[in-house]
Amino acid sequence: MTKFSLRRSVLTRPIFSWAAGVMPALSQTEREAIEAGDVWWDAALFTGDPDWNELLAFPKSALSAEEQAFMAGPVEQLCAMLDDWSMTWETRDLSPEAWDFMKRERFFGMIIPKEFGGLGFSAFGHAEVVRKLATRSISAAVTAMVPNSLGPGELIMRFGTKAQQDYWLPRLADGREIPAFGLTSPEAGSDASAMIDEGVVCRGQWEGKEVLGVRLDWHKRYITLGPVCTILGLAFKLRDPEHLLGEHEEIGITCALVPTDLPGVQIGRRHLPAFQTFQNGPNWGEDVFIPLDLIIGGAERAGQGWKMLMTALAAGRGISLPALSGAAAAFSALTTGSYARIRTQFGLSIGKFEGVQERLARIAGHAYLVDGARRLTCAGLDLGRHPSVISALLKAGATERMRIVVNDAMDVHGGKAVIEGPNNYLASQYRAVPVGITVEGANILTRSLMVFGQGAIRAHPYLLQEILAIGDADKARGLAQFDEVFWKHVAHTLRTTVRAFARSWSDGALSPAPDAGRARAYYRRMGRYAAGFALTADVALLTLGGALKRREMLSARLGDILSELYFLSGALKRWEDEGRQDADFPLLAWCAETAFATIEQRFDEVFANLPNRPAAWLLRLVVLPFGARRRGPSDDVVRACAELLLEPSETRTRLVENVYVGGADEAVGKLISAFNQVVDTQPIHDRLRERKIRDWRAAQGQGLLSPAEIAALEAADAAVAAVVAVDDFGHDELASGHREPDRAAATSPKLAADALT
């Protein structure tokens with residue numbers, strides 16, 4: 001008997017039996033979800049010893065020349081065609097001209113390869129288009145986003161037969177077909193396995209011939225583009241009671257293409273999601289027959305629908321909602337910083353009040369952080385990775401930060417952002433926040449069940465292999481596999497314990513770090529927390545086993561730590577990719593100190609609530625020996641970040657890149673014009689303040705101002721008044737629901753002066 005077989009018999013066998021009783025079991029849908037996609041930087045973080053040089057070596061996300069031309073041309077043109085106020089309160093839709101333009105310029109075929117008539121854009125190119133559109137109109141962005149995200153196009157590209165690709169992809173690319181995907185049922189929201197939509201394999205008539213196919217009955221809701229789609233991707237449970245396809249009666253979740261002009265298909269009336277006007281609504285099917293050829297991937301893909309969906313979602317979820325979140329953050333940074341500069345109270349720009357600066361810094365910091373993580377994820381996607389855990393944590397983390405940022409922007413704007421009207425540029429962003437929070441996996445469940453729950457299994461170096469070994473029907477083979485992996489896991493945990501102890505007690509001084517200039521200390525602390533996270537994850541899994549799935553608050557806190565590590569990785573990578581700009585460093589410092597404070601707080605909460613108290617005490621001693629000491633960014637960092645939004649600079653330009661501004665007669669265009677005029681006339685005000693003159697009008701008769709300076713000051717005041725003014729409506733306009741906006745407040749010098757006083 002070899003030493004390995006002796007170890008297996010004496011030591012591993014009882015551990016194997018114990019682990020079989022406590023390790024989390026995987027349902028079929030969980031297993032398919034975990035097997036979908038792959039791992040990437042999340043796996044490096046789970047090791048507890050990520051190679052930071054590997055992070056910095058990932059290619060920088062950048063637009064190709066063709067993508068840049070599309071951004072400067074069709075995207076800019078489409079933005080100019082959109083009127084979000086009119087779309088929201090009058091037409092409830094994009095204009096026919098906008099629809100035609102999007103089809104003609106192939107906005108619906110951004111991800112479809114050129115060989116099929118699409119644009120063949122990278123993940124980053126696709127994301128940038130969505131992001132810019134979202135700074136103009138959320139509804140237009142969603143309209144462009146959905147055909148390029150989870151839906152028939154991506155599923156056909158990945159899993160379709162050649163015949164399906166040759167026929168459908170060109171038609172989707174040029175807009176002859178408008179796609180939608182029906183997944184959510186009234187009975188099953190996040191739990192897709194509970195759907196009752198059903199297809200039965202049978203024979204039926206198709207184009208005058210009897211063929212083998214599927215007879216469908218379904219009810220779906222919340223389907224974006226559903227009211228206007230011509231081809232519906234449908235998820236349903238497929239049964240084969242007559243065994244026409246094989247020996248199994250319950251085949252499983254399947255995806256198929258259903259032309260919406262078929263008999264039995266019913267398109268319901270529209271939903272209105274938070275007053276966003278992208279097309280959304282329910283649909284039904286009763287006794288609808290399709291041939292097997294319309295199953296995506298053909299009959300051999302029947303029953304693989306859930307894995308197909310999870311694989312596609314691993315990519316799409318990392319692009320769409322993070323792009324909308326990045327847009328909201330950058331838009332809020334541009335508009336709120338500009339407004340805080342031009343709006344005065346008590347004779348002082350409100351951007352100088354520290355309470356406002358706290359909000360401005362948070363807006364700027366989150367804008368920098370979200371876009372860094374978004375760019376990092378797009379880089380991974382463009383490398384051919386499909387990181388399902390990263391996509392889930394990015395979607396949840398980005399949309400939660402979007403909620404914080406937009407709320408802060410609303411607070412700083414005050415009444416300006418509360419009063420509805422065509423001059424309110426924030427209201428639509430504010431109303432759209434719950435949509436991003438809810439779709440593509442509701443954040444509550446994503447945070448509490450998916451990020452750490454799936455991440456621990458999928459991204460951990462050994463756990464998935466151990467679970468698969470335990471579940472092996474051949475117990476002898478399973479024991480052998482478990483024996484090989486388990487002792488590697490033990491060695492890994494011992495190394496991680498030593499690493500976490502040394503790095504925590506030295507506050508990261510013993511952590512490796514790349515040559516990263518001023519940011520080097522942040523990598524050291526990241527190494528400390530990564531080691532602590534890996535050890536804590538192992539101990540939580542060891543002491544709780546499968547019960548950790550039911551300890552959702554603990555799982556959520558561990559997921560938060562992983563999320564903070566990933567988002568800060570993106571910010572560090574961004575700072576490196578942009579040339580270590582010293583002027584941007586306050587933003588990186590804000591991101592790092594905010595992340596470190598959150599991480600330590602979550603560690604503290606985990607240790608306070610871990611049921612096994614001796615394990616919790618030991619973890620606290622190793623991982624958090626001095627307690628949760630990080631308090632977030634200093635006041636100096638907060639002030640520095642706020643100032644970046646209040647003054648023109650290259651940093652401000654980088655932070656709000658590709659935000660659509662519009663013309664001088666539009667709300668954001670007027671704001672930026674007023675901002676520029678206030679900045680340009682600031683030296684005049686400074687000169688007068690040196691003479692103790694606060695109101696420039698008092699200096700007019702003293703010969704202190706030239707005619708040109710007086711004209712510039714008058715123009716700046718009028719521009720500010722036009723921005724500060726809000727819309728109003730007559731009773732008849734509100735009753736009729738239609739209004740030609742009265743822009744007098746923006747153009748009348750008298751009203752402008754009145755507004756200032």
Side-chain angles (χ1 to χ4, degrees), residues 24 26-27 29-46 123 127 145 149-150 154 181 183-184 189-193 306-326 369-370 372-381 385-403 435-460 463-464 533 537 548-549 552-570 598 602:
L26 296 180
S27 67
T29 53
E30 285 177 319
R31 182 164 182 165
E32 290 178 355
I34 288 170
E35 290 174 350
D38 53 26
V39 296
W40 188 47
W41 188 242
D42 48 335
L45 294 172
F46 256 98
M145 176 182 87
S149 184
L150 175 63
E154 186 170 8
F181 196 87
L183 175 60
T184 304
S190 297
D191 181 11
S193 64
W306 186 241
K307 186 174 182 178
M308 291 161 59
L309 288 168
M310 291 300 100
T311 301
L313 194 60
R317 188 159 49 189
I319 296 175
S320 302
L321 273 303
L324 296 186
S325 302
L369 185 72
V370 168
R374 184 181 68 88
R375 294 180 190 189
L376 175 60
T377 305
C378 285
L381 294 170
R385 310 306 291 264
H386 301 96
S388 55
V389 175
I390 286 175
S391 293
L393 73 81
L394 179 65
K395 181 270 173 182
T399 53
E400 288 295 340
R401 288 169 172 85
M402 171 178 67
R403 170 153 53 190
V435 178
I437 297 290
T438 303
V439 300
E440 291 190 10
N443 282 6
I444 290 177
L445 294 184
T446 300
R447 175 177 178 261
S448 61
L449 293 177
M450 291 182 61
V451 174
F452 181 77
Q454 289 189 7
I457 297 173
R458 190 70 181 88
H460 190 283
L463 186 60
L464 180 58
F533 168 74
L548 185 56
K549 292 172 64 175
E552 294 175 23
M553 289 186 281
L554 279 176
S555 180
R557 292 174 183 125
L558 290 166
D560 288 346
I561 297 170
L562 177 63
S563 180
E564 293 292 337
L565 290 170
Y566 182 78
F567 269 84
L568 187 52
S569 295
T598 301
R602 294 296 180 270

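Since the model is a prediction, treat every value here as computed from it, not as a measurement.
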Note to self: Run the side chain to side chain contact (heavy atoms under 4.5 Å, CB included) test on Ile561 and Phe452 for me, step by step, so that the C-alpha distance in whole Å, both residues' side-chain angles and the decisive distance to 0.1 Å come before the verdict.
What the structure shows: CA-CA 9 Å; Ile561 297 170; Phe452 181 77; over 6 Å; no

Next item on the list: Report the C-alpha separation of Val389 and Val39 in whole Å, then their side-chain angles, then the decisive distance to 0.1 Å, and conclude whether the side chain to side chain contact (heavy atoms under 4.5 Å, CB included) test is met.
Entry: CA-CA 7 Å; Val389 175; Val39 296; 5.7 Å; no

Next item on the list: Decide yes or no on salt bridge (charged side-chain N to carboxylate O under 4.0 Å, His left out) for Glu564 and Arg401, but give the supporting numbers first.
Entry: CA-CA 12 Å; Glu564 293 292 337; Arg401 288 169 172 85; 3.1 Å; yes

Next item on the list: In sequence, state the C-alpha distance, the side-chain angles, and the governing distance for Trp40 and Leu381, and then conclude on side chain to side chain contact (heavy atoms under 4.5 Å, CB included).
Entry: CA-CA 10 Å; Trp40 188 47; Leu381 294 170; over 6 Å; no

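Scanning for side chain to side chain donor-acceptor pair (under 3.5 Å) contacts around Glu400 gives Arg403, Asn443, with sequence neighbours left out. Taking the side chain to side chain contact (heavy atoms under 4.5 Å, CB included) definition, one finds that Ser325 meets it with Val370, Ala398, Thr399, Met402, sequence neighbours left out. Taking Ser569 as the reference, Trp41 meet the side chain to side chain donor-acceptor pair (under 3.5 Å) condition, with sequence neighbours excluded. The salt bridge (Lys or Arg N to Asp or Glu O under 4.0 Å) check on Arg374 picks up Glu128, Asp371, with sequence neighbours excluded. Scored by the salt bridge (Lys or Arg N to Asp or Glu O under 4.0 Å) test, Asp42 finds no partners at all (sequence neighbours excluded). For the ring-ring contact (aromatic ring centres under 6.0 Å, His included) test, residues two or more places apart in sequence or in another chain that qualify with Phe46 are Phe533. Checked against side chain to side chain donor-acceptor pair (under 3.5 Å), Thr377 has the following partners two or more places apart in sequence or in another chain: Tyr566. For Ser149, the side chain to side chain contact (heavy atoms under 4.5 Å, CB included) test picks out Ser320, Glu440, with sequence neighbours left out. Every residue meeting the side chain to side chain contact (heavy atoms under 4.5 Å, CB included) condition with Leu449, not counting sequence neighbours, appears here in chain and number order: Leu445, Glu552. Residues forming a salt bridge (Lys or Arg N to Asp or Glu O under 4.0 Å) with Arg602 (at least two apart in sequence, or on another chain): Asp560, Glu605.
Here CD1 of Ile390 is found 8.0 Å from CG of Leu562. Values are rounded to the nearest 0.5 Å. For the atom pair Thr598 OG1 and Leu565 CG, the distance stands at 11.0 Å (nearest 0.5 Å). Here the CD-CE distance, from Glu154 to Met308, works out to 11.0 Å after rounding to the nearest 0.5 Å. Interatomic distance, CG of Leu321 versus CE of Met145, reported as 5.5 Å (0.5 Å rounding). Remark: Leu464 CG to Gln454 CD distance equals 11.5 Å, nearest 0.5 Å. Rounding to the nearest 0.5 angstrom, the gap separating the SG atom in Cys378 from the CG atom in Leu394 is 8.5 Å.
The nearest pair of heavy atoms linking Ser448 to Ile444 is OG-O, 2.8 Å. The two atoms that bring Met450 and Ala392 nearest to each other are CE-CB, 4.0 Å, heavy atoms only.
Residue pairs meeting the salt bridge (charged side-chain N to carboxylate O under 4.0 Å, His left out) criterion with at least one partner in residues 385-396, sequence neighbours excluded, are Asp38-Arg385.
No side-chain heavy atom of Ile319 sits under 4.5 Å from any side-chain heavy atom of Ser391.
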